[in-house]
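Read the structure below first, then the notes.
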4 protein chains.
Amino acid sequence: MDAFSLQGKTALITGGSGGVGITTAKHLLRSGASVALIDRNLESLGPVADKLVQWFKTTAEYETYLPKTEDDAPQEIPIISTWACDISDAVSVETMVQSIRAHHEKPLNILVNCAGYCENFTALDYPAANLASIINTNLLGAFFICQSVARSLIADKAKGSLVLIASMSAHIVNNPQPQVGYNMAKAGVIHMARTLAAEWAPLGIRVNTLSPGYIATPLTKAIIEKDTKLRDEWSSKVPMGRISEPEEMTGAIVFMASDASSYMTGSDIVVDGGYTVW
Amino acid sequence: MDAFSLQGKTALITGGSGGVGITTAKHLLRSGASVALIDRNLESLGPVADKLVQWFKTTAEYETYLPKTEDDAPQEIPIISTWACDISDAVSVETMVQSIRAHHEKPLNILVNCAGYCENFTALDYPAANLASIINTNLLGAFFICQSVARSLIADKAKGSLVLIASMSAHIVNNPQPQVGYNMAKAGVIHMARTLAAEWAPLGIRVNTLSPGYIATPLTKAIIEKDTKLRDEWSSKVPMGRISEPEEMTGAIVFMASDASSYMTGSDIVVDGGYTVW
Amino acid sequence: MDAFSLQGKTALITGGSGGVGITTAKHLLRSGASVALIDRNLESLGPVADKLVQWFKTTAEYETYLPKTEDDAPQEIPIISTWACDISDAVSVETMVQSIRAHHEKPLNILVNCAGYCENFTALDYPAANLASIINTNLLGAFFICQSVARSLIADKAKGSLVLIASMSAHIVNNPQPQVGYNMAKAGVIHMARTLAAEWAPLGIRVNTLSPGYIATPLTKAIIEKDTKLRDEWSSKVPMGRISEPEEMTGAIVFMASDASSYMTGSDIVVDGGYTVW
Amino acid sequence: MDAFSLQGKTALITGGSGGVGITTAKHLLRSGASVALIDRNLESLGPVADKLVQWFKTTAEYETYLPKTEDDAPQEIPIISTWACDISDAVSVETMVQSIRAHHEKPLNILVNCAGYCENFTALDYPAANLASIINTNLLGAFFICQSVARSLIADKAKGSLVLIASMSAHIVNNPQPQVGYNMAKAGVIHMARTLAAEWAPLGIRVNTLSPGYIATPLTKAIIEKDTKLRDEWSSKVPMGRISEPEEMTGAIVFMASDASSYMTGSDIVVDGGYTVW
Ligand SMILES: NC(=O)c1ccc[n+]([C@@H]2O[C@H](COP(=O)([O-])OP(=O)(O)OC[C@H]3O[C@@H](n4cnc5c(N)ncnc54)[C@H](OP(=O)(O)O)[C@@H]3O)[C@@H](O)[C@H]2O)c1
Ligand SMILES: NC(=O)c1ccc[n+]([C@@H]2O[C@H](COP(=O)([O-])OP(=O)(O)OC[C@H]3O[C@@H](n4cnc5c(N)ncnc54)[C@H](OP(=O)(O)O)[C@@H]3O)[C@@H](O)[C@H]2O)c1
Ligand SMILES: NC(=O)c1ccc[n+]([C@@H]2O[C@H](COP(=O)([O-])OP(=O)(O)OC[C@H]3O[C@@H](n4cnc5c(N)ncnc54)[C@H](OP(=O)(O)O)[C@@H]3O)[C@@H](O)[C@H]2O)c1
Ligand SMILES: NC(=O)c1ccc[n+]([C@@H]2O[C@H](COP(=O)([O-])OP(=O)(O)OC[C@H]3O[C@@H](n4cnc5c(N)ncnc54)[C@H](OP(=O)(O)O)[C@@H]3O)[C@@H](O)[C@H]2O)c1
Ligand code: NI
Ligand code: NI
């Protein structure tokens, strides 16, 4: 279906060097979008982006952009840019979004907010500073990036689609690992997205969320390779009997980013192998 | 993204001559699937299917199936079949599904259940017989078709994806029109899908639902063209300020039918312009 | 709080000889309401009601109704009546409700619908007739009794509060026992209640539901005393680590039946020891 | 029902001088609990508490505590204490909770967290500092007070019930007033409560939330008396056709605080006149 195409669009991806972020970048590129990768530090993002460029240039999609004969008009090839920013800092976010807009010279139609992290403390022992931090990044950070991208789109009189990665942890309480800070942040993200969706619907800006179950990103893999009991416990709680691959999140993301979801706003797609069903 | 492709798959579409069914058929065909259209009476379905065949043969997608040179191997072209069946009759459904399987000679990997109807009675005056009927079609019928397709898939040791059209009416209560029978049926459908998802996850059969807001199908259009006050009331309750086109449902359906949603089961996608957000 | 009192009110309790029904009857009586117990057959209901009367006459509450001196005005003592009716038969329900109204000579302000049952079939093998039956009782039956009580209240120009027992099975899918028919019925009940709540709010009739987790009723006890592995599996899935006693449901029922919930309608109270949280 | 009694229990009420807090205090007192009222500044709380004491001494409940004859053993009369604290400051909260424990000389079995506020900014213009503040009080503050009360209960090896006031704004997006900060905070509160419920269930500490619709507190009244158009818009969105009185929230609070809800944890009671149903 052509409606899934992102041809000619520009996408910001926060958490761009992370497990979900990098996989998302690949699939947005293959769908035709230019991507601005954002992460906390450029050192980790740089090599990731370089690899991404290498990879993209060898894809079948990339070849479709190349002129086949000498007379072919030059096509607009998706580009990749990288940006360092802590999304919990509203001022940095605003400045960066303006810079991305200037650099890409196109309206910023798509946001995929992957930046975020999880940490384990029991509620009784959760240090106040840690709680503030995780809320600042996972919840307030998600707000700031949405706010700045929406402002940019409005200045451009352009339409856009914002996709925020929440978690099944916004719907259920993970067991056995204690993570109250993460859970409350992610629940906040989903309802924040609904509120932004309502406010920005008249402006043509859609806002939706994705609630993944467990994903075998490098980080998660490291954990469950050491702790196979935890891996088995996690898997046994999923009707599908396994945790997911990052690629299994990109379908929902591309769908929500694209015009294929033109009437969808304020919604959440749960992709969790059935975890929340039990 | 290739993951959205339905190449080589076979899809059953109930309510196949209806507003959503026929649009779904088009998009499944364009995505590469063969389709078996099911409806209550063949008289209405026949002409619809004929038009669909005409339309499909003129699409760009269709041309990709045709041999370009004499030496090209003949490709498998998606086919269209039509079937009359009342989905509220479990025996007819079972027989029909077996016949479709035999006719298409392929596992029935996809079901899109669009059969269903709405009617307006205040709860105080709802005739018992009407309530039984609407539950029989909208809720039990949805179960029977899932059950038979799953049995067929299991016999084939094949994987499948079942998509059931529920409604935002499963989540909220429409206002002002009274429709308690419809609402309770659709709420039942969503949780039925979740239960089937859990039971069938180990078999590789995914089950998800779509909850549309108001759709401008021929039927709905007829209503709101006569009653413009109702149209305005409906639109004013939607953050996006309008009701949807049938095409706007097909992205979610193709996504859920395809491998792009391989880790998604027991979920519901709400596509309602933000209606349920307020 | 006086607001929890049911003094002078009349309550219908369906499933009145069942585990939850009988316990509910006790607590409604102690809160001051007269009760009409309804069940499928009078043989089982008769002895239950006799015991209930014996019990009530020995409670401290009962004594408050008795004249303390010879001059004391005779007080209105809560009464208990019994009725045989299959709630899935709309005509019987309507007739019975009228008879109860005539017998009690008071508006029927309270309904607690406990009638219902669960059965285990895998979805693949669920017989169509069984599915129809469980929907007829658990979902349509719930509708019919609400409809008749509401009609009776309207004829009386009286206000009322209807409480329907749904289940946590309306929210999650039980594991390991397969019970798709029950699950879809109970999910239907909750949204039906929401729809009735919206339609009847202007009439002063409130409608709410209770979603219990596992309850140690005689029936459930019999199952888990035989199958202690199942008991342990059930308990391990509950954060509170145990299944509940029927008494633990009555607080929510009395609260919803009473004026203490005067602004609550269309809501569901989940009392499940935290089951649905995980 | 005796199960609703709070005899001999000690309750903390944050936001104790606010519209919901003060009404809650009355009903907890009438149900037998001692109350520790907490608010941001003692100046406003002082007079409120004085009035509360006056009021309580004239209630029928109070008289039941007084010795009837000279020989009657002196009864334990509920007491009222007042405390100034900003709940968004974790250190102050911890200190205060310990002081309350010392002062009341009893385990702190009940918490009703009413502290919180709403403010209106469109998402595009929400100042970052305001967003941080509202999250700090409404979300983090709710966490800190729960954490400290739970620690205190554990030190006492006592059981407890924590009730957090969330809002229907955690479930839907209010219209027309823009309040994204409040909405995301309150959604976070509900899922935080669920997480705490799961972690603390083995310790005998229950955690539940209340989601009120619009309440005619002094603050709200001031708004809608000036803006009658807003009042009418609010009322028209409620199936019950009116906003609520603070008293209409206390039934749910007493129910959740008391042993009548002994098997209920991680749940949310919506008391909104049906608002979220539409
Ligand atoms: N993995 C799972 O199982 C799972 C499940 C459900 C939901 N999710 C969600 O999916 C999203 C992506 O997760 P992931 O697994 O890809 O995690 P990941 O590999 O850790 O990637 C997250 C990225 O976000 C960056 N980041 C963190 N805080 C930031 C900040 N304040 N500003 C800018 N960048 C920041 C991290 O940079 P640093 O490395 O420098 O910190 C990292 O590159 C997250 O929101 C996560 O909560 C993940
Ligand atoms: N249109 C909307 O605004 C809207 C919104 C939300 C959800 N939906 C849902 O979307 C689905 C499709 O709706 P639609 O708008 O496309 O409706 P539609 O145009 O009326 O099509 C429904 C089709 O289902 C058929 N059907 C009804 N009962 C059947 C039965 N027992 N067995 C077999 N076929 C049966 C109908 O045949 P007959 O014409 O012979 O009856 C009709 O062809 C329905 O489930 C509907 O509830 C629609
Ligand atoms: N027990 C649990 O663990 C649990 C958990 C969640 C929810 N619930 C729900 O709570 C409610 C009460 O359950 P329970 O445990 O008390 O069950 P129970 O002991 O089996 O009682 C149910 C009663 O309903 C009667 N009944 C069944 N179908 C009827 C019909 N069509 N018309 C009239 N009466 C009918 C039964 O009569 P017969 O005996 O003659 O059939 C029985 O007396 C049910 O709705 C149940 O689904 C129970
Ligand atoms: N009123 C409604 O329509 C409504 C609807 C749904 C939910 N709610 C919720 O119900 C709860 C009670 O609301 P209400 O209407 O009673 O509000 P209220 O009258 O404004 O009372 C709230 C009280 O909380 C105090 N407070 C605020 N921030 C605090 C902090 N950081 N530390 C300590 N105390 C603080 C306030 O003190 P100051 O006056 O000094 O700020 C005030 O006394 C709130 O959580 C509110 O969100 C209210
Ligand atoms: Ni669960
Ligand atoms: Ni709504």
Side-chain angles (χ1 to χ4, degrees), chain C residues 1-6 27-28 30-31 60-61 191 193-195 197-202 204 206-208 211-215 238-245 247-256 258-278, chain D residues 1-6 27-28 30-31 60-61 191 193-195 197-202 204 206-208 211-215 238-245 247-256 258-278:
Chain C
M1 262 179 67
D2 303 343
F4 293 113
S5 164
L6 304 177
H27 287 278
L28 295 192
R30 295 188 67 170
S31 302
E61 282 78 9
H191 200 52
R194 287 160 60 87
T195 310
E199 289 196 29
W200 297 343
R206 297 186 294 108
V207 191
N208 293 287
S211 285
Y214 292 118
I215 313 171
V238 186
M240 285 181 66
R242 60 173 181 89
I243 76 168
S244 68
E245 295 300 318
E247 276 73 22
E248 297 185 281
M249 297 304 143
T250 51
I253 293 171
V254 169
F255 163 59
M256 287 191 275
S258 76
D259 295 343
S261 58
S262 56
Y263 197 61
M264 179 178 170
T265 197
S267 290
D268 178 55
I269 300 187
V270 177
V271 179
D272 68 352
Y275 190 107
T276 51
V277 160
W278 272 342
Chain D
M1 261 178 69
D2 303 344
F4 293 113
S5 165
L6 305 177
H27 287 279
L28 295 192
R30 296 189 66 169
S31 302
E61 282 78 9
H191 200 51
R194 287 161 58 88
T195 309
E199 288 195 30
W200 296 342
R206 299 186 292 108
V207 191
N208 293 288
S211 286
Y214 292 117
I215 314 171
V238 185
M240 285 181 67
R242 62 174 179 90
I243 75 169
S244 68
E245 295 300 318
E247 276 72 21
E248 297 187 281
M249 297 303 143
T250 51
I253 293 170
V254 169
F255 164 58
M256 288 192 274
S258 76
D259 294 344
S261 58
S262 57
Y263 196 62
M264 179 177 170
T265 198
S267 290
D268 178 55
I269 301 187
V270 176
V271 179
D272 67 352
Y275 190 109
T276 53
V277 162
W278 274 341

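By convention in this document, chain letters (A, B, ...) are assigned in the order of the sequence lines, proteins followed by strands, and residues within each chain are numbered from 1.
With a 4.5 Å cut-off on non-hydrogen atoms, D:Trp200 does not touch chain C at all. There is no contact between D:Ser261 and chain C, counting heavy-atom distances below 4.5 Å. Heavy-atom distances place both the backbone and the side chain of C:Ser262 under 4.5 Å from chain D. Contacts of C:Asp268 with chain D are made by backbone atoms alone, with heavy-atom separations under 4.5 Å and no side-chain atom involved. Proximity to chain C (any heavy atom under 4.5 Å) is restricted, for D:Val238, to the side chain, taken from C-beta onward.
A pairwise comparison of heavy atoms in C:Val277 and D:Thr265 identifies CG2-O, 4.4 Å as the closest pair. Between D:Ile269 and C:Ile269, the shortest heavy-atom distance links the atoms CD1-CD1, 3.6 Å.
Here OG of C:Ser258 is found 10.5 Å from CZ of D:Phe255. Values are rounded to the nearest 0.5 Å. To the nearest 0.5 Å, atoms CE (D:Met249) and OH (C:Tyr263) are separated by 7.0 Å.
Most heavy-atom pairs under 4.5 Å with chain D: of the set C:Glu248, C:Met256, C:Met264, this distinction falls to C:Glu248. With respect to chain D, the highest number of heavy-atom pairs below 4.5 Å among C:Asn208, C:Val207, C:Asp259, C:Ile243 belongs to C:Ile243. Among C:Gly273, C:Ser267, C:Ala197, C:Gly266, the residue with the largest count of heavy-atom pairs under 4.5 Å with chain D is C:Gly273. Contacts with chain C were tallied for D:His191, D:Arg194, D:Glu199; D:Arg194 has the most, counting heavy-atom pairs under 4.5 Å. Among C:Pro239, C:Ala252, C:Ser244, the residue with the largest count of heavy-atom pairs under 4.5 Å with chain D is C:Ser244.
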